[in-house]
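The block underneath contains the structure these notes are about, expressed in structure tokens.
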Amino acid sequence: MAAPAARRCCLGWDFSTQQVKVVAVDAELNVFYEDSVHFDRDLLEFGTQGGVHVHEDGLTVTSPVLMWVQALDIILERMKSSGFDFSQVLALSGAGQEVRACSPRTRAWLLSHQQHGSVYWKAGASQVLTSLSPDLPLHKQLQACFSVRDSPVWMDASTAAQCRRLEAAVGGARALSRLTGSRAYERFTGNQIAKIYQQHPEAYSRSERISLVSSFAASLFLGSYSPIDCSDGSGMNLLQIQDKVWSRVCLAACAPRLEEKLGSPVQSCSVVGAVCPYYVQRYGFPPGCKVVAFTGDNPASLAGMRLEEGDIAVSLGTSDTLFLWLQEPRPALEGHIFCNPVDSQHYMALLCFKNGSLMREKIRDESASCSWSEFSEALRSTEMGNGGNLGFYFDVMEITPEIIGRHRFSAENRKVPAFPREVEVRALIEGQFMAKRIHAEGLGYRVMPKTKILATGGASHNREILQVLADVFGAPVYVIDTASSACLGSAYRAFHGLTAGTDVPFSEVVKLAPPPRLAAAPTPGASQVYGALLARYASLEQRVLSELRGAPASPACDRPLGSRDPRPCSE
């Protein structure tokens with residue numbers, strides 16, 4: 001991409017699962033440059049599929065560390081060749097790994113989670129970082145710097161034993177959730193580290209520093225080890241989210257001397273230093289270009305979507321994902337609580353639902369003649385509340401709640417085998433959004449007078465679906481273009497970092513960004529209709545859960561209820 005006339009700017013980086021991407025954003029918050037390096041296409045020598053290597057056990061998933069370094073080299077050289085004026089860069093920040101796309105085989109289970117990859121720096125690597133030569137690309141100089149050359153990443157599901165041990169060490173899953181914001185998950189970094197220590201003790205012993213993908217990427221720019229920020233750090237099962245310090249009991253359950261290998265966490269808006277001389281001499285960055293702590297992809301996306309207190313973002317894609325801004329979180333066995341990346345006093349929550357657009361497409365095909373127009377007409381022609389008919393539609397084992405199957409109930413709470421076609425469509429959409437609201441409130445979310453819902457993803461283009469969303473939540477729904485939300489959020493956070501120490505709120509920094517567009521406002525009377533239905537839906541959800549618990553696995557799923565294997569049941 002050709003660089004336009006020079007303008008002062010911040011860079012936002014995204015070290016994602018499948019690519020490294022950069023955007024340049026000027027002082028008016030306009031994106032004027034962007035580029036990316038796609039691992040499978042541009043770095044064939046690493047032999048990745050979807051940016052990763054899936055090992056023979058089908059559970060262990062890794063990515064080559066040097067692939068990320070080489071991708072950074074390529075993208076910086078492209079920028080230089082295009083004439084990009086690095087001397088105008090005021091600050092930069094970034095995000096560690098995000099799902100962009102996936103193959104049809106994996107699409108059903110690639111959820112847009114906070115990324116949990118870990119990088120293991122070999123003893124002596126810090127000396128290499130501090131003495132980088134501007135005459136050589138980074139990947140040539142860092143080849144011998146990693147004690148584990150293939151990093152476990154978020155798709156890894158091989159640490160079930162480590163998860164059980166960690167939960168036992170703190171008194172159970174609920175206790176761990178209250179402490180760290182989440183129960184133990186296989187992809188979380190603390191459990192990955194524990195596995196490395198147990199199976200490769202020599203590699204662990206040789207590691208002088210362990211980074212997340214986010215802090216690893218920041219370290220490349222600093223020429224020294226970057227601290228882990230609290231927001232990405234709260235996706236490790238190691239950070240006490242209230243106190244924002246490492247939990248000694250969790251560290252001890254994972255590996256010895258872990259605290260010294262992790263370093264102390266920092267607030268997400270912290271300036272962690274300036275770019276090292278390598279970038280000044282090789283590319284022309286100004287010596288004072290600030291590096292703002294890198295964070296995880298979902299915290300960066302929260303920044304990119306410019307959520308504020310009380311807001312909720314709903315990504316309506318293959319899986320549905322909720323981002324919540326919370327004041328007083330209530331960690332639970334479901335969902336995740338993270339430290340807020342743009343306000344150190346608040347929190348963000350994440351809820352994922354597997355049965356998203358694929359479920360909507362199935363009901364469209366079965367009940368609306370494969371037509372979105374007929375699907376929308378069914379929503380328009382049926383009343384709010386659907387005559388009291390409620391439905392649960394989970395063709396794959398759901399995450400929140402752990403239910404599989406289709407379960408329909410009449411207004412009298414009797415199970416029924418089928419609904420009329422129009423009722424079926426509305427029951428699906430109302431049920432999906434009622435489940436989201438109920439489980440969001442379970443984590444401490446409350447609809448406030450100023451609450452707005454930001455909708456993204458494929459279904460956000462359907463006005464009738466958004467109308468149901470507005471009615472169920474009792475809040476207006478806006479739509480925004482978030483094709484590069486993590487990357488854009490990183491650039492916004494870099495601008496915010498420039499105000500460090502001045503108490504300028506993030507919302508003030510991004511006020512010039514294009515505003516979202518109002519797509520749907522709550523229908524008068526909606527709060528009365530759904531106030532009663534939400535309580536019924538929650539009660540029926542518990543009834544379905546009770547009926548399924550202890551029952552043999554469904555023919556559609558050969559894994560027991562409660563399994564946290566993320567892959568579809570058909571695999």
Side-chain angles (χ1 to χ4, degrees), residues 1-14 16 20-36 75 79 82 84-95 98 218 221 229 231 268-271 275 285-286 288-309 311 313 315 323 325 340-343 348 450 452-456 460 478-519:
M1 177 177 179
R7 45 180 133 172
R8 292 169 76 77
C9 65
C10 286
L11 299 182
W13 294 87
D14 180 13
S16 80
V20 169
K21 182 172 183 177
V22 64
V23 298
V25 178
D26 66 19
E28 284 72 45
L29 302 188
N30 298 305
V31 175
F32 69 94
Y33 183 93
E34 58 184 312
D35 198 1
S36 63
I75 208 165
M79 295 175 77
S82 76
F84 187 91
D85 189 350
F86 291 99
S87 71
Q88 299 299 302
V89 179
L90 302 171
L92 59 89
S93 189
E98 180 179 9
F221 287 100
D229 84 293
S231 193
S268 300
C269 58
S270 300
V271 174
V275 294
F285 279 83
C289 175
K290 291 180 170 59
V291 179
V292 177
F294 282 36
T295 191
D297 73 304
N298 284 319
S301 292
L302 179 144
M305 291 184 282
R306 308 189 304 282
L307 258 67
E308 299 178 359
E309 182 181 348
D311 286 352
S315 176
F323 300 86
W325 181 299
N340 192 300
V342 298
D343 187 325
M348 66 170 284
K450 65 175 184 178
K452 61 181 180 294
I453 301 172
L454 301 172
T456 69
S460 68
Y478 294 80
V479 292
I480 53 175
D481 179 11
T482 59
S484 303
S485 59
C487 221
L488 191 59
S490 296
Y492 291 166
R493 293 181 56 255
F495 276 111
H496 192 212
L498 293 173
T499 70
T502 63
D503 294 326
V504 175
F506 180 78
S507 58
E508 181 68 19
V509 172
V510 297
K511 66 181 181 181
L512 294 178
R517 176 176 56 85
L518 179 65

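Numbering of residues begins at 1 and proceeds along the displayed sequence. Worth saying up front: this structure is predicted, and the values here are computed from it rather than measured.
Taking 4.5 Å as the limit, some side-chain heavy atom of Thr456 sits within range of a side-chain heavy atom of Met305. Side-chain contact between Phe32 and Cys9 is present, with heavy atoms from C-beta onward closer than 4.5 Å.
For the atom pair NZ (Lys452) and CG (Leu518), the distance works out to 12.0 Å, reported to the nearest 0.5 Å. Atom CG of Leu454 and atom OG of Ser460 lie 11.0 Å apart (nearest 0.5 Å). Once rounded to the nearest 0.5 Å, the distance linking CG of Leu11 with CZ of Phe86 reads 7.5 Å. Note that CE of Met79 and CD of Glu34 are 11.0 Å apart. Values are rounded to the nearest 0.5 Å. To the nearest 0.5 angstrom, Asp297 atom CG is 11.5 Å from Leu302 atom CG. Between the CH2 atom of Trp325 and the CG atom of Asp311 there is a distance of 8.5 Å, given to the nearest 0.5 Å.
Between Val89 and Pro286 the shortest heavy-atom distance is O-CG, 3.2 Å. Nearest heavy atom pair, residue Ala486 against residue Ala300, reads O-CB, 3.5 Å.
If you run side chain to side chain contact (heavy atoms under 4.5 Å, CB included) between Phe294 and each of Asp229, Asp14, Leu92, only Leu92 comes through. For the side chain to side chain donor-acceptor pair (under 3.5 Å) test with Ser301, the passing option among Ser490, Ser485, Ser315 is Ser485; the others fail.
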Side-chain donor-acceptor pairs of residues 492-507 under 3.5 Å, sequence neighbours excluded:
from, atom 1, to, atom 2, distance (Å)
Arg493, NH1, Ser93, OG, 2.9
Arg493, NH1, Ala293, O, 3.2
Arg493, NH2, Ser268, O, 2.5
Arg493, NH2, Ala293, O, 2.7
His496, NE2, Val504, O, 3.1
Thr499, OG1, His496, O, 2.7
Thr502, OG1, Thr499, O, 2.4

Under 3.5 Å, which donor-acceptor pairs do the side chains of residues 23-30 form with other protein atoms, sequence neighbours left out?
from, atom 1, to, atom 2, distance (Å)
Asp26, OD1, Glu28, N, 2.9
Asp26, OD1, Leu29, N, 3.1
Asp26, OD1, Asn30, N, 2.9
Asp26, OD2, Arg7, NH1, 2.6

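Side chain to side chain, Ser484 and Lys21 meet the donor-acceptor criterion of an N or O pair below 3.5 Å.
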Residues Phe323, Leu307; criterion side chain to side chain contact (heavy atoms under 4.5 Å, CB included); working and verdict: CA-CA 9 Å; Phe323 300 86; Leu307 258 67; 4.2 Å; yes
